[in-house]
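Encoded as structure tokens, here's the structure I'll be asking about.
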Amino acid sequence: MMKQSVLYAPTLKEAPKNAEVKSHKLLTRSGMIKQTAAGVYSYLPLGHRVMKKIEAVVREEHDQIGCSELIMPALQPRDLWDESGRWDDFGPALMRLKDRKERNFCLGPTHEEVITDLVRDVIDSYKKLPLALYQIQTKYRDELRPRFALMRGREFVMKDLYTFSDSQEDLERWYERVSEVYTRIFKRVGLDTRIVASDTGDIGGDQAHEFMVMSEVGEDTITYCEACSYAANQEHSGLDDGDECPECGGRITTAMGIEVGNIFKLGTKYSESMNAYFTDRDGKRKPLIMGCYGLGVSRTLMAAVEQHSTDESIVWPKAITPFDIHILPLALNDDEKRETSEEVQTTLGAHFDVLYDDREERPGVKFKDADLIGIPYRVVLGKALEEGKAECIDRYTGETELVPLEDLVAFFQKKIA
RNA sequence: CGGGAAGUAGCUUAGCUUGGUAGAGCGCUUGGUUUGGGGCCAAGAGGUCGCAGGUUCAAAUCCUGUCUUCCCGACCA
């Protein structure tokens, strides 16, 4: 249970003028994030809670398929990037800096180099494979143009997973498995994704796919077939509206999408350049076969708001809501009703994550703030208290029910469990 | 990095063309009133007008430079 009076959630009546897209306006107005510099944001308590919820889903799903979590440094020495050749190849998007002794470092935009360095001394036999390691970490990219708040930041939170296999077949299996897990994760956090074929870009490798959330504010153009399941990033396919589908000859359509995840079959690019070899069953030294899989956590948050909101309010998907239930006591100046309200808060708080709006504010203020904050279930304690009831609002359906106070726990157990 | 726009109180902004005491709404403080969708009344606090230089008796306003931010494009989780 959290009292709203002590929660730092500075809501705004008006959106700052630099906010353009709906999700940016709402995240700012609801007091979830605050800009610190272009493309750099602070996550305030509510936004942080949502991030942790998303991360929890990501962790659960990854652990379930045998991945283990670790954490690698954001600050990385140039040497490793010289080994892979990416100190030069990555270009100006690599955030570079020097220490006091003039040694070169970068802030990691991704961790292929570090993870390869991490395992190469240890993984010397096929018996130690496969291996799947992931982290959830802040990444840095010196973007030419950050935009739409968390959509394209210069600092952002990403989950990155790396797999090491002793055969192409094993890599294929991981690729498939992670692909399924991604679809499941996005579904759980309330996003419908479409898997599209893509280029491998700077990361390198043989094959790659992206997970796209269809949205007007997306930065990528997706080409897909109206007849079959063919879908690809337009950069990759080169197709355009009205073209013929390369798979079935059907008609191609385009749409905008937000890239929330990507998966790459890296192969041996990093293991060869960085000398990460193992000894196989046949006694031969072979380079580790790698895969890497990114999932934009902060971007997922942004996409979720974009998909689950109106201009004035958010309704968080269950899995990532900052709280389960928002209690709005409207009769705090009536001693009897205030006591009853506090009892309700204690009872519900014992079973659910509850936000209790104990502020001395007028009802209108509480309602508006609650709409912005976006908690899906709301309990209004006001007039109906006289009949021993609470107004329970299911914001997914918009339905309101008068529920006797003693039935509240059971009522929400049905909804939330 | 090219093209466009904007920096005035915590937020939204007026004033700038035509130089002359920096104004409003929201928010904040105090008192009163109100109490189911951002109430009302009264009294307050809060500003190096992004920064630096220049022109001028005088600059938020004109000129130059610079920084920051946003949008479009080229590059990308």
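So that the names make sense, note that chain A is the first sequence line, chain B the second, and so on, each numbered from 1.
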(message) Under 6.0 Å from the ring centre and within 45 degrees of the ring axis: does the NZ or CZ of A/Arg177 meet both conditions for the six-membered ring of A/Trp174?
(response)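 Yes, A/Arg177 sits over the ring of A/Trp174.
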(request) Could you please name the option among B/C70, B/C11, B/A77 that lies closest to any side-chain atom of A/Ala38? (result) B/C70
(request) State which of B/G36, B/G38, B/U34 makes the closest approach to the side chain of A/Val365. (result) B/G38
(message) Would you say that more than 12 heavy atoms from the other residues, nucleotides or ligands in this model lie under 6.0 Å from the CD of A/Gln413, or not?
(response)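 Enclosed: over 12 neighbouring heavy atoms sit under 6.0 Å from CD of A/Gln413.
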(request) Starting at atom CG of A/Leu144, determine the distance to atom P of B/C71, rounded to an integer number of angstrom. (result) 14 Å
(request) Check the distance between B/A9's P and A/Glu14's CD and give it to me in whole angstrom. (result) 14 Å
(request) Describe the nucleic acid contact of A/Leu332 in one word from base, sugar-phosphate, nothing, applying a heavy-atom distance below 4.0 Å. (result) nothing
(request) Select one nucleotide: of B/G27, B/A77, B/G36, the one nearest the side-chain heavy atoms of A/Lys383. (result)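 The nucleotide sitting nearest to the side chain is B/G36.
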(message) If I take atom CD1 from residue A/Ile115 and atom CG from residue A/Leu288, how far apart are they, to the nearest 0.5 angstrom?
(response) 11.0 Å
(message) When you measure from the side chain of A/Asp243 to the backbone of A/Asp240, do you find a donor-acceptor pair of N or O atoms at a distance under 3.5 Å?
(response)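 Such a contact is found between A/Asp243 side chain and A/Asp240 backbone.
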(request) With C1' as the reference atom in both, quote the distance from B/A77 to B/C49 in angstrom, rounded to an integer. (result) 40 Å
(request) Between B/G31 and B/U18, how far apart are the C1' atoms? Round to whole Å, please. (result)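 After rounding to an integer number of Å, I get 45 Å for this pair.
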(message) Using the rule given for ring pair (Phe, Tyr, Trp, His ring centres under 6.0 Å), can you reason through A/Tyr396 versus A/Tyr377, listing the C-alpha separation, both sets of side-chain angles and the distance that settles it, and then say yes or no?
(response) CA-CA 8 Å; A/Tyr396 295 120; A/Tyr377 297 110; 5.7 Å; yes
(request) Please report, rounded to the nearest Å, how far the P atom of B/C28 is from the CD atom of A/Glu360. (result) 13 Å
(message) Rounding to an integer number of Å, can you tell me how far A/Glu361 CD sits from B/C28 C1'?
(response)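 Roughly 12 Å, once rounded to whole Å.
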(request) Between B/G38, B/U35, B/A77, spot the one nearest the side chain of A/Asn333, thanks. (result) B/U35
(message) Which nucleotide, if any, forms a Watson-Crick or G-U wobble pair with B/U21, using both distances under 3.5 Å?
(response) none
(request) Provide the distance between the two P atoms, one in B/C28 and one in B/C70, to the nearest whole Å. (result)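 The same atom, P, in both gives a distance of 28 Å.
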(message) Between B/G46 and B/C1, how far apart are the two C1' atoms, rounded to whole Å?
(response) 41 Å
(request) Please check if atom CD in A/Glu387 has more than 12 non-hydrogen atoms from other residues, nucleotides or ligands closer than 6.0 Å. (result)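 Correct, the count exceeds 12.
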(request) Take the protein atom CZ of A/Arg147 and the nucleotide atom P of B/A5, then report the distance between them rounded to whole Å. (result)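 Atom CZ in A/Arg147 sits about 19 Å away from atom P in B/A5.
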(request) Look at the side chain of A/Glu391 against the base of B/G36 and say whether a donor-acceptor pair falls under 3.5 Å; ignore hydrogens and angles. (result)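 Such a pair exists between side chain and base.
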(request) Sticking with atom P, work out how far B/U12 lies from B/U8, rounded to a whole angstrom. (result) 8 Å
(request) Cation-pi check, A/Arg299 to A/Phe156: give yes when NZ or CZ is under 6.0 Å from the six-membered ring centre and within 45° of the ring axis, no otherwise. (result) no
(request) Would you indicate what A/Val260 reaches in the nucleic acid, counting non-hydrogen atoms under 4.0 angstrom: base, sugar-phosphate, or nothing? (result) nothing
(message) I want to check one thing: is the phosphate of B/G38, taken as OP1 and OP2, less than 4.0 Å away from some side-chain N or O of A/Lys366?
(response) no
(message) Which is more 5' along RNA chain B, the nucleotide nearest A/Arg299 or the one nearest A/Ala384? Just name the residue.
(response)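 Final value for this comparison: A/Ala384.
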(message) Mind checking if A/Met151 touches a base, just sugar-phosphate, or nothing, with heavy atoms under 4.0 Å?
(response) base
(request) Find which nucleotide of RNA chain B each of A/Met158 and A/Leu381 is nearest to by heavy atoms, and output the residue with the more 5' nucleotide. (result) A/Leu381
(request) Sticking with atom P, work out how far B/G3 lies from B/G50, rounded to a whole angstrom. (result)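 One P to the other, the span is 24 Å.
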(request) Using Watson-Crick or G-U wobble geometry with both distances below 3.5 Å, tell me the partner of B/G2, or none. (result) B/C72
(message) What is the separation between atom CD on A/Glu20 and atom P on B/C71, rounded to the nearest whole Å?
(response)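 Value for this atom pair: 6 Å.
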(request) From the options B/A77, B/G36, B/C70, select the nucleotide whose nearest atom is closest to the side chain of A/Asn18. (result) B/C70
(request) Report the distance from atom CZ of A/Arg154 to atom P of B/U69, rounded to the nearest whole Å. (result) 6 Å
(request) Could you tell me which nucleotide pairs with B/G65 by Watson-Crick or G-U wobble geometry, both distances under 3.5 Å, or answer none if nothing does? (result)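 Result: B/C51.
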(request) For B/C62 and B/A5, measure between their P atoms and round to the nearest Å. (result) 15 Å
(message) Please give the distance between the C1' atoms of B/G27 and B/G44 as a whole number of Å.
(response)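 Straight-line distance between the two C1' atoms is 15 Å.
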(request) Check whether any side-chain N or O of A/Lys415 sits under 3.5 Å from a backbone N or O of A/Asp394 as a donor-acceptor pair, and report yes or no. (result)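 No, A/Lys415 side chain to A/Asp394 backbone: no donor-acceptor pair under 3.5 Å.
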(request) Specify the separation, in whole Å, of atom CZ of A/Phe148 and atom C1' of B/G73. (result) 13 Å
(request) State whether the distance check finds a donor on one side and an acceptor on the other, under 3.5 Å, for side chain A/Arg378 versus base B/G36. (result)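 Under the 3.5 Å cut-off, the side chain and the base do not form any donor-acceptor pair.
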(request) Measure from the side-chain heavy atoms of A/Phe264 and tell me the nearest of B/A77, B/G38, B/U8. (result) B/A77
(message) By the 4.0 Å heavy-atom rule, please label A/Ala331 as base, sugar-phosphate, or nothing.
(response) nothing
(message) Counting only side-chain nitrogens and oxygens, does A/Arg145 get under 4.0 Å of the OP1 or OP2 atom of B/C71?
(response) yes
(message) Taking only side-chain N and O atoms of A/Arg362, does any of them lie within less than 4.0 angstrom of OP1 or OP2 on B/G39?
(response) yes
(request) Answer with base, sugar-phosphate or nothing: what part of the nucleic acid does A/Gly294 contact at a heavy-atom distance below 4.0 Å? (result) nothing
(request) Determine which nucleotide pairs with B/G31, using a 3.5 Å limit on both distances of a Watson-Crick or G-U wobble pair. (result)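 Paired with B/C41.
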(message) Would you say the base of B/A77 stacks on A/Phe156 (centre-to-centre below 5.5 Å, plane angle below 30°)?
(response)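 Yes, A/Phe156 stacks on the base of B/A77, since the ring centres sit under 5.5 Å apart and the planes are within 30°.
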(message) I want to verify a distance call: between B/C71, B/G37, B/U12, whose nearest atom is closest to the A/Phe367 side chain?
(response)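 Closest of the options to the side chain of A/Phe367: B/G37.
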